[in-house]
There are 2 protein chains.
Amino acid sequence: MSPTLTRRQQEIYDYLRDHLDDFPHPPTLDELCTALGLKSRGSLHKQIQALIDAGLVEPMNNQRRGIRLAEQSAAPTSPHPGEDELPLYGAIAAGRPIEAISNPETIPVPPMLRTDKPCYVLEVNGDSMIDEGILDGDLVVIEQRDQARNGEIVVALVEGSDATLKRIEQQPGKTILHPANSTMSPMVFPPDQVQVQGVLVGQMRRYH
Amino acid sequence: MSPTLTRRQQEIYDYLRDHLDDFPHPPTLDELCTALGLKSRGSLHKQIQALIDAGLVEPMNNQRRGIRLAEQSAAPTSPHPGEDELPLYGAIAAGRPIEAISNPETIPVPPMLRTDKPCYVLEVNGDSMIDEGILDGDLVVIEQRDQARNGEIVVALVEGSDATLKRIEQQPGKTILHPANSTMSPMVFPPDQVQVQGVLVGQMRRYH
DNA sequence: TGGACAAGTTCTCCCTGTGTTCTATATTAT
DNA sequence: ATAATATAGAACACAGGGAGAACTTGTCCA
């Protein structure tokens, strides 16, 4: 099914996913070129075309500033309704934003550990939530959301950094990410540098 | 159908099975070479080719970064096909030997969190394993056994007391139960007073 | 209305990285 | 010794990716 994006296509799609909202208007190809470090519109267009063919980007027929992401047609949750498997997107804090589609791998998750909303699974990397009983190697079930309530544990993408799992506290003018590890300190950011990618709703660990 | 891998082929296959997910993208042959300590792409390619012939690796027809494991067709996982529910025997440390309870309630457990042996689920009561990341209210998957190896976390029934979850250390003449909580001390018993009722193999927690 | 400019599209050319093949040599097993 | 297995290295082929020119289409303005 999924035509398996090439490396560059994945990169470009990730960039679009994460930065498309940064532009006041949808960007022109030239603007995207400079943003992506390309020098040729034509080259970019070729890549975008591939993404359109893959169904990830809305086709823009000669329109100006016409680049939009395609509606994810209820994709992530229930490609197989009644199926209790969720996509495993890889490890968090592994050094990059959560990848879009790349990994077709899924793992079974009991309904009890998830919500009715779209969810996905990540493997935890590191000890930043150890005092909350979330250990290195655990699998966490994340509900896909871009907003969180204070006190929830979220997958947060910090500008120019990794995606991490932290307890969030949003105050006017600043967002604080609290690790649950006595050896680590809370981190404070301007709100627009912190992007919530999901909220923790379940956790699993195997001992064998 | 066992085309009997050579030793090196087995090594390489094991490596792929265990580390393929570590790469952000599927690796190139060159990357695999350095990872495996080889200096020649050609050599590796020959081995990979053998694995492809054996049906263990997806054939990658000239594609870049095309190394994938073949789908393991048969399902060696489910001894009870379709059955992924386990009995929920109630809360541990609730004051009663496990098997006494005949509770018909069951809950779904992903195959990954259990073993092929008979298993059941308990709800954890108390903080005695908090330093191992097992919190009050967690659900634990227990493999039914009456013996344990040292260092395993077991459901232990102590003479005249509750069933508890502890790390076990069996020495000649005494059995020590280690809680994972800095405020609690290990407990030492004569071996015949400690009855192992199962071994921890999985753990689940819900946050919503 | 029509021209100028901006932006999307298509094309051709080119280079690099990477899979593939082959041959030669070392290592190990029978 | 002979065969099977492993490694190195060279040579090759081609897909992926980029540059840039040329063309088309839309937008704006006089």
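All values derive from a computational prediction rather than experimental measurement. Reminder, nothing fancy here: chain letters follow the sequence lines and each chain counts from 1.
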Checking only heavy atoms, does the side chain of B/Ser40 share a donor-acceptor pair with the base of D/dG9 at less than 3.5 Å? yes
Find the bend of the helix from C/dT1-D/dA30 to C/dT30-D/dA1 as the angle between its two terminal axes (five pairs each), to the nearest 10°. 20°
Write out all pairs satisfying salt bridge (charged side-chain N to carboxylate O under 4.0 Å, His left out) with one or both partners inside residues 42-51 of chain B, taking only residues at least two apart or from two chains. none
Among all residues two or more places apart in sequence or in another chain, which pass the ring pair (Phe, Tyr, Trp, His ring centres under 6.0 Å) test with A/His19? A/Tyr15
Identify all side-chain donor-acceptor contacts of residues 22-31 of chain A below 3.5 Å with residues at least two apart in sequence or on another chain.
from: A/Thr28; atom 1: OG1; to: A/Asp30; atom 2: N; distance (Å): 3.4
from: A/Thr28; atom 1: OG1; to: A/Glu31; atom 2: N; distance (Å): 3.1
from: A/Glu31; atom 1: OE1; to: A/Thr28; atom 2: N; distance (Å): 3.0

Can you list every salt bridge (charged side-chain N to carboxylate O under 4.0 Å, His left out) pair that touches residues 198-208 of chain B, not counting sequence neighbours? B/Asp138-B/Arg205
Just grab all the salt bridge (charged side-chain N to carboxylate O under 4.0 Å, His left out) pairs involving residues 187-197 of chain A, residues at least two apart or on different chains. none
What residues form a salt bridge (Lys or Arg N to Asp or Glu O under 4.0 Å) with A/Arg149, not counting sequence neighbours? A/Glu152
Got a sec, which residues hit salt bridge (Lys or Arg N to Asp or Glu O under 4.0 Å) with B/Glu132, two or more places apart in sequence or on another chain? B/Arg167
I'd like a list of close polar pairs between nucleotides 28-30 of chain D and the protein, N/O only, cut-off under 3.5 Å.
none

Contacts of type side-chain contact (heavy atoms from CB on, under 4.5 Å), residue B/Asn181, not counting sequence neighbours: B/Asp127, B/Ile130, B/Thr183, B/Met184
Those residues at least two apart in sequence (or on a different chain) that pass side-chain hydrogen bond (donor to acceptor under 3.5 Å, both in side chains) with A/Gln193 are none
Protein within reach of the bases, or only the backbone? For nucleotides 16-30 of chain C, mark each nucleotide 5' to 3' as B, S or -, using heavy atoms under 4.0 Å. -BBBBB---------
